[in-house]
Trainee: 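Sharing a structure here in structure tokens format.
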Amino acid sequence: MEYNGFYYDNEVMVWIMNERVVSLEAAIEWLCEGAGPDGSETLPLEQCGERVAATDIKAPLDMPPWPAAKVDGYAVVWHQWQRHYEVIGTLEAGAPPPERFAEGQALRVFTGAELPVSSSVVIRDEDAEWENGELLVRAMPRVRYIAPVGSRVRQGAVLAPSGAVLGIESLELLSSLGIADLSVYRKPRVGVLVSGSELQTPGQELGPGQIYNSNRIMYSRMLCAAGAEPVLLPAWTVPDCEEDLIAAIDELRADCGVIILCGGSGRGGKDLSKAVLERMGAEFLFTGVDVKPGNSSSAARLGSCTIINLPGPPAAGRLLFYTLVLPMLRRLRGVKDIDDDWFEVALLRAEHPQPMRSLRMLSLLSAKGQFWVGSNVRSDAVCLGEVVVDVPPEGGKAGAIVNARLI
């Protein structure tokens with residue numbers, strides 16, 4: 001429903017009639033509703049890093065497929081304790097084991113070697129020595145040091161369920177099982193449209209009142225890191241002209257299911273994005289988000305394309321990308337758990353009350369086994385990276401618990 005919305009300009013509440021202002025959670029829900037991957041494709045395993053599994057991936061065989069040595073040493077057949085063994089040969093990784101291997105005999109083995117099925121235990125190098133041409137075991141071993149068949153993975157086990165992101169550990173395991181290609185969801189194609197007559201392309205001379213366009217490269221790199229494929233116009237910037245904006249939107253939506261429209265989201269006379277979308281017949285999902293920054297951000301559907309209008313200042317756009325846009329991108333990638341990386345952490349210093357809920361970019365700090373978020377690094381702390389922090393309107397004292405997302 002449409003209702004009287006509001007936004008804050010320099011801490012002054014300004015009422016906007018007939019605006020659809022929603023909470024951050026509602027905005028995310030609107031964007032994610034009906035979103036999903038645009039089919040799947042089969043790719044070589046080497047190209048599947050950080051892609052999302054389109055089907056359950058199951059183990060085609062046991063791992064290891066035979067008993068394997070877990071350490072360098074000597075494999076023996078042992079039905080009762082004895083100290084001396086005859087060494088009958090050496091068994092290296094990749095070599096077939098001998099057909100015959102009897103009690104009282106030992107094989108020199110190396111880590112990963114396939115062992116005869118009759119092997120009882122592997123004696124570590126440090127637990128044995130040579131004496132009169134025989135192997136002398138100093139003490140009875142307490143550990144077998146043999147990896148049984150299927151001890152790492154059983155044939156048929158689900159290695160990665162549909163919707164799982166395939167990281168380094170997953171790819172290593174799949175490769176070790178001989179899997180050469182995978183069915184993964186296609187990357188979402190996301191158009192990037194930066195508007196503003198005051199913006200100039202890097203490398204060109206600045207005109208009066210102009211600044212360089214940094215949003216195009218920021219959004220394209222954030223989209224790549226989020227597992228999407230950015231689609232860019234030949235021109236870095238589209239000027240503040242309705243006809244130019246309409247042409248640019250039409251060009252991108254012919255090739256993309258989502259467009260990030262950066263700039264022109266304000267409510268001033270020169271902010272054209274909303275007027276252009278209304279003129280094109282777009283259906284607005286919301287026209288404001290009850291959070292600072294971003295209270296003038298909007299999203300609309302134009303045919304099958306979702307257009308998200310974010311503010312021009314890069315710091316604000318970056319915060320909103322990680323909180324508002326990222327969950328939708330994960331849904332479009334086919335990720336099963338789209339919002340599982342928020343965590344609770346303590347504030348290092350107090351956050352003052354604000355007229356509305358706010359998002360902050362702070363540092364995640366660690367010292368003496370404890371974690372905090374703050375804008376200043378303690379002398380005894382290690383900075384673990386940047387986080388988006390969700391600060392309630394009432395702020396919080398030092399030590400208060402807030403929600404944060406590592407980026």
Side-chain angles (χ1 to χ4, degrees), residues 1-7 16 18-38 188-196 215 218-219 222-223 226 228 230-231 238 242 245-246 248-250 252-268 271-314 316-333 338-339 356-357 359 388 390:
M1 296 177 60
E2 291 188 350
Y3 61 92
N4 294 340
F6 59 88
Y7 72 99
I16 304 296
N18 296 322
E19 291 281 352
R20 186 176 294 166
V21 180
V22 300
S23 67
L24 178 62
E25 289 76 14
I28 294 170
E29 185 176 350
W30 275 104
L31 288 173
C32 290
E33 184 178 3
D38 184 22
R189 293 172 59 80
V190 181
V192 177
L193 196 168
V194 182
S195 68
N215 279 319
M218 180 185 77
Y219 280 108
M222 288 193 300
L223 286 167
V231 179
V238 177
E242 288 194 14
L245 283 170
I246 290 173
I249 291 172
D250 280 338
L252 284 175
R253 72 189 184 102
D255 194 27
C256 306
V258 177
I259 297 173
I260 294 177
L261 172 54
C262 174
S265 67
R267 296 182 171 91
D271 294 309
L272 302 178
S273 296
K274 182 179 178 183
V276 165
L277 292 174
E278 287 177 338
R279 179 178 165 185
M280 297 178 74
E283 178 186 357
F284 279 88
L285 303 178
F286 53 86
T287 56
V289 183
D290 189 10
V291 68
K292 183 180 178 180
N295 43 322
S296 62
S297 299
S298 65
R301 292 232 165 91
L302 185 57
S304 61
C305 182
T306 300
I307 302 172
I308 306 170
N309 188 199
L310 299 180
R318 190 165 175 236
L319 281 166
L320 289 165
F321 179 88
Y322 287 117
T323 52
L324 184 64
V325 181
L326 189 60
M328 181 192 65
L329 291 179
R330 289 178 172 172
R331 181 66 59 81
L332 291 170
R333 293 174 63 204
I338 65 169
D339 206 27
M356 66 193 308
R357 178 182 180 184
L359 302 173
V388 176
D390 186 357

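Just so it is clear, the model here is predicted, and its values are computed rather than measured.
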Trainee: With rounding to the nearest 0.5 angstrom, report the CD1 to CG distance, I249 to L302.
Mentor: 7.5 Å

Trainee: Please give me the minimum heavy-atom distance between L324 and A27, naming the atom from each residue.
Mentor: CD1-CB, 3.5 Å

Trainee: Over all heavy atoms of both residues, which pair between V190 and A228 is shortest? Give the atoms and the distance, please.
Mentor: CG2-CB, 4.1 Å

Trainee: Can you see which heavy atom on P311 is nearest to which on C262, and at what distance?
Mentor: O-SG, 3.9 Å

Trainee: Once you round to the nearest 0.5 Å, how far does CG of L245 lie from CE of M280?
Mentor: 9.5 Å

Trainee: Nearest 0.5 Å please: distance from the CG atom of N309 over to the CD1 atom of I260.
Mentor: 11.0 Å

Trainee: Tell me every residue that passes side-chain hydrogen bond (donor to acceptor under 3.5 Å, both in side chains) with E29, counting only those two or more places apart in sequence or in another chain.
Mentor: none

Trainee: side-chain contact (heavy atoms from CB on, under 4.5 Å) with C32: which residues, sequence neighbours excluded?
Mentor: I28, P327, M328, R331, I338

Trainee: Is any side-chain heavy atom of S195 closer than 4.5 Å to one of L272?
Mentor: no

Trainee: Working to the nearest 0.5 Å, report the span between OG1 of T306 and CZ of R253.
Mentor: 11.5 Å

Trainee: Roughly how far apart are D255 CG and C305 SG, rounded to 0.5 Å?
Mentor: 10.5 Å

Trainee: Go through R357 and D290 one step at a time and tell me if the salt bridge (Lys or Arg N to Asp or Glu O under 4.0 Å) criterion holds.
Mentor: CA-CA 7 Å; R357 178 182 180 184; D290 189 10; over 6 Å; no

Trainee: Work out which heavy atom in V231 is nearest to a heavy atom in L252; give both atom names and the distance.
Mentor: O-CD2, 3.8 Å

Trainee: Not counting sequence neighbours, which residues clear side-chain hydrogen bond (donor to acceptor under 3.5 Å, both in side chains) with R279? List them please.
Mentor: E242, E243

Trainee: Minimum heavy-atom separation for A248 to V238, with atom names?
Mentor: CB-CG2, 3.8 Å

Trainee: Please report the interatomic distance CG(L310) to OH(Y219), rounded to the nearest 0.5 Å.
Mentor: 4.5 Å

Trainee: Quick check: do F321 and L329 have side-chain heavy atoms less than 4.5 Å from each other?
Mentor: yes

Trainee: Closest approach of V276 and I246, non-hydrogen atoms and distance?
Mentor: CG1-CG1, 3.6 Å

Trainee: Residues in side-chain hydrogen bond (donor to acceptor under 3.5 Å, both in side chains) with R318, at least two apart?
Mentor: E386

Trainee: Can you sort out the partners of P37 under side-chain contact (heavy atoms from CB on, under 4.5 Å), two or more places apart, ordered by chain and number?
Mentor: Y185

Trainee: Once side-chain contact (heavy atoms from CB on, under 4.5 Å) is applied, do any residues pair with D38, and if so which ones, sequence neighbours excluded?
Mentor: none

